[in-house]
Every structure is written in structure tokens, then in C-alpha cells.
Number of protein chains: 2
Amino acid sequence: MHQPKHLQDAGLKSTLPRLKVLELLENVEDRHLTAEAIYRKLLEAGEEIGLATVYRALTQFEAAGLVTRHHFEGGQAVFELERGLHHDHIVCVHCGRVEEFYDKVIEKRQQSIAEKLGYTLRDHNMTLYGECHGPDCPGQKKKGPAAG
Amino acid sequence: MHQPKHLQDAGLKSTLPRLKVLELLENVEDRHLTAEAIYRKLLEAGEEIGLATVYRALTQFEAAGLVTRHHFEGGQAVFELERGLHHDHIVCVHCGRVEEFYDKVIEKRQQSIAEKLGYTLRDHNMTLYGECHGPDCPGQKKKGPAAG
DNA sequence: GTGCGAATGATAATCGTTCTCATTTGCAAT
DNA sequence: ATTGCAAATGAGAACGATTATCATTCGCAC
């Protein structure tokens, strides 16, 4: 099972702006982008597109299962191209870096917890927040710069 | 360890609006309320309070550890009085009912996943979404009302 | 190429939340 | 109890993210 490379396969009319958004999502290295970041990148690439269209395209992609929307902390939703592999996320509280992981034990526990409580599990959201200790992460500074 | 019953114990000046908000949170049966719901309930109870004050009080309570803020789906944050017992939530996608649970296995897995990925875990957000099958839940209707 | 409905984009509108600022309050010293 | 002052309040403006509006343009079937 792989994603349809063509929008029509997802039931969407194949328009230029949609193709541009999809293409960007397929080729960009950071898989988790805000709508505005996508919009800016397209403008920088010389494309003519409106922010509203980016939002519309992403919402449709999400409905079609091409894209997943996440609400990490910080107000702005981020979108990622769906690859058919469920995973959860860990986000660095300092630099915003996002990594993905999958844990079968947790998934099973979630299912049995929902059952035990009388729910039919439909979805879940699990995001861990931590400090990533990466060399470029501002959280790694031994001492902050003098105030001011 | 129990919560300070007095705002001063939490480092906050004891003002009438803050006391009203705290009192409401302590006495209301639904432990998960939006700021606006709290505001409305206080107005209905005859209190004079502004929505901005409710938000401010909640933000301060959160900073003081008296209250926890959750971002479930739906745009509006919900607040709950902190009882010192960490837990996660399961939310009914039909009626919005919220239940709490705690699973030691999941907590431990989260910790070890973060470590394995090189993160120091600071926080996490885990919310399950499901159908609650409660008798009053609209999701239980055998057939929806005729359209229109 | 034509035509029509769907898609686009600029902008206004919306929603939840925070900020501004003039007024009021809590509290400590009197 | 009164005073004084910083901190808190409340009404409404401002804000940021997202969605709706609506005239224009596009994609696609004929």
C-alpha cells in the first residue's frame, strides 16, 4: 500500500496549487511543516499561491488521507505527508526538532485501556516533550547570553 | 502532599476573582472545563467577573501548579484542578465526555523511548479518542434523525 | 476551442486568547 | 478604620491561526 502519486487517485481534482503543495511535501527534508512554512517555501521557490489555498489543500489532503495534521504545542498545526506507518512524536522543547517513534507495547496498552473503560478507540494523540541535547539546540548552552 | 487551599500558599495574592475561580473548580462536578465555561458558570452564579480575568487566573494557577491545561481537539483549552496524581485522558468523540486513567507501563515506556532517542523527557501529552457507548451519548443513536 | 462548475486568491471574518489602560482592590503600615 | 501604592481587574482592542466570502480563473469533458 503506497500513497497515490496523483491527486485524482485520491479523489481530488488535479490543480496546479495542489500539485505544488504535494510536491513540496514530498521533497522537503523536514517532514513536519506548518501551513505558513509551506506557503513561504512555495513563495521562495517562485510559485504564485495564496495562504488560503495552502490551508485548503492541506485540509483536503488530510481528508483524503494523504497528509496528517498534528497539534503540537505552540498554536500552529503542523502537517506531514502520510506514509502509511503509524507513529508518535517526540518534540524538543528548545529547538522544536521532531522525531518519530513507534512502540507496539504502548499501542496495545492504549487499546486495552480504552476497552477496559468501555470505549471503542478511534484515534490517539501521543506527543512527548523533552530536551534533545543536539549540538545546535539552544537548550545545550552552558550559560545563557547576558540579558539585554 | 495536598494543594494549598489558600492562594497565598501558592504565591498568589488572594483576590476575590481568583477565589471565585478556584472555588468553582473545587466544587463543580465536571473536572475539565474551558475558560469560557468557567466564566459562564460564574456569571450564572451571579458573580461579577471578566473573561480576561478568568484567563489570567487560570494561567497563574497553572504556573503555580494548581491547575493543568489540556489541549484536546476542538480549539478550546480545558483546565482541571490539579490533584497531584498524574493521569492521561480518554475523550469521547461524540459527547466530549472525559475520563482519566493512569498506566504505569506506558509511563515507563515513554521514559525509556525518550532516553533511547537521546532526549530528557520533560512532559508528555497522551489523549485517546474513542466512542463511549454511554446511554446519553449521541454516538449511540441507532439511526440518525432524518436529514434536514 | 467552449462552457460550466469547481478552485483560486485577496481580503474580511471568526475564534480563542492575550494585551492595554483606566479604575479598583488587597494589604501593610499607620 | 484610613491611607498609599503596587498589583489586579474588566471592557474592549489587538492578536495569531484558520476559515469564509466572492469575483475571477482554471481544469476538464465535450
Side-chain angles (χ1 to χ4, degrees), chain A residues 4 6-24 32-64 66-80 96, chain B residues 4-24 32-64 66-80 91 96:
Chain A
H6 299 290
L7 290 170
Q8 288 104 329
D9 301 346
L12 295 172
K13 194 189 279 189
S14 175
T15 71
L16 211 35
R18 285 176 192 166
L19 287 169
K20 295 302 182 187
V21 172
L22 189 56
E23 188 184 64
L24 179 78
H32 303 85
L33 295 173
T34 64
E36 213 187 324
I38 293 168
Y39 171 63
R40 254 186 297 105
K41 281 174 187 290
L42 288 174
L43 288 191
E44 283 165 16
E47 304 296 340
E48 296 238 329
I49 195 168
L51 179 56
T53 302
V54 172
Y55 271 107
R56 272 186 296 235
L58 290 169
T59 300
Q60 287 162 333
F61 292 176
E62 185 190 20
L66 293 179
V67 149
T68 308
R69 183 192 308 241
H70 303 289
H71 295 279
F72 300 152
E73 62 169 28
Q76 259 165 299
V78 304
F79 298 83
E80 78 172 300
Chain B
K5 277 287 169 258
H6 300 290
L7 289 171
Q8 288 106 328
D9 300 346
L12 295 172
K13 193 189 279 189
S14 178
T15 69
L16 209 35
R18 286 176 190 165
L19 288 169
K20 294 302 181 187
V21 171
L22 189 55
E23 187 185 65
L24 179 76
H32 303 85
L33 294 173
T34 65
E36 215 188 322
I38 293 167
Y39 171 63
R40 251 185 299 107
K41 280 175 188 291
L42 286 175
L43 288 192
E44 282 165 17
E47 304 297 340
E48 296 238 329
I49 196 169
L51 180 55
T53 302
V54 172
Y55 272 106
R56 272 187 296 236
L58 290 169
T59 299
Q60 287 161 333
F61 292 177
E62 184 189 20
L66 293 178
V67 149
T68 307
R69 182 193 307 242
H70 303 288
H71 294 279
F72 300 152
E73 62 168 28
Q76 259 165 298
V78 304
F79 299 82
E80 77 171 300
V91 182

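Every chain is numbered from 1, with letters handed out A, B, ... down the list of sequences.
Using a 4.0 Å heavy-atom criterion, one finds that B:Arg56 contacts the bases of the nucleic acid, with or without backbone contacts as well. Using a 4.0 Å heavy-atom distance criterion, A:Ala35 is classed as making no nucleic acid contact.
Between A:Leu33 and A:Lys41, the closest side-chain pair of non-hydrogen atoms falls below 4.5 Å. A:Ile49 has its side chain within reach of A:Val21: a pair of non-hydrogen atoms, C-beta onward, lies under 4.5 Å apart. Between B:Arg69 and B:Thr59 the shortest side-chain heavy-atom distance falls below 4.5 Å. A:Glu73 has its side chain out of reach of B:His71: every pair of non-hydrogen atoms, C-beta onward, lies at least 4.5 Å apart. At least one side-chain heavy atom of A:Leu7 sits under 4.5 Å from a side-chain heavy atom of A:Phe61.
Distance, A:Leu58 CG to D:dT19 C1': 13 Å, rounded to whole Å. For A:Arg69 and D:dA17, the CZ to P distance is 14 Å, given to the nearest whole Å. A straight line from CD of A:Glu73 to P of D:dG16 spans 18 Å, rounded to a whole angstrom. Taking atom CG of A:Leu7 as the reference point, atom C1' of C:dA6 lies 14 Å away to the nearest angstrom. With rounding to whole Å, B:Leu12 atom CG is found 8 Å from D:dA8 atom P. Protein atom CZ of B:Phe72 is 17 Å distant from nucleotide atom P of C:dG16, rounded to whole Å. Here the P atom of nucleotide D:dT19 and the CD atom of A:Gln60 are 11 Å apart, to the nearest Å.
Once rounded to the nearest 0.5 Å, the distance linking CG of B:Leu43 with CD of B:Glu48 reads 8.5 Å. The distance from atom OH of A:Tyr55 to atom CD1 of A:Ile38, rounded to the nearest 0.5 Å, is 9.5 Å. Of the inter-residue distances, the one linking A:Leu58 atom CG with A:Thr68 atom OG1 reads 11.5 Å to the nearest 0.5 angstrom.
Contacts of residues 38-51 of chain B with DNA chain D (heavy atom under 4.0 Å): B:Glu48, B:Ile49, B:Gly50.
Contact annotation: A:Tyr55 side-chain N/O to D:dT18 OP1/OP2 distance is under 4.0 Å. A close approach under 4.0 Å does occur between a side-chain nitrogen or oxygen of B:Arg18 and OP1 or OP2 of D:dT9.
Summary for the helix from C:dG1-D:dC30 to C:dT30-D:dA1: the axes at its two ends, each from 5 pairs, differ by 30° when rounded to the nearest 10 degrees.
Between B:Ala35 and B:Leu51, the shortest heavy-atom contact is O-CD1, 4.2 Å. The minimum heavy-atom distance between B:Lys13 and B:Arg18, with the atom names listed, is O-NH1, 2.9 Å. Looking at every heavy atom in both residues, B:Leu42 comes nearest to B:Lys20 through CD2-O, 3.8 Å. Minimum interatomic distance between A:Ala10 and A:Leu66 (heavy atoms only, all atoms of both residues): CB-CD1, 4.0 Å.
Checked against D:dA17, D:dT18, D:dT9, the side chain of B:Thr53 finds its nearest nucleotide in D:dT9.
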Show me the protein contacts with nucleotides 26-30 of chain C, counting only N or O atoms at under 3.5 Å.
residue	atom	partner	partner atom	Å
C:dG26	O3'	B:Ser14	O	3.4

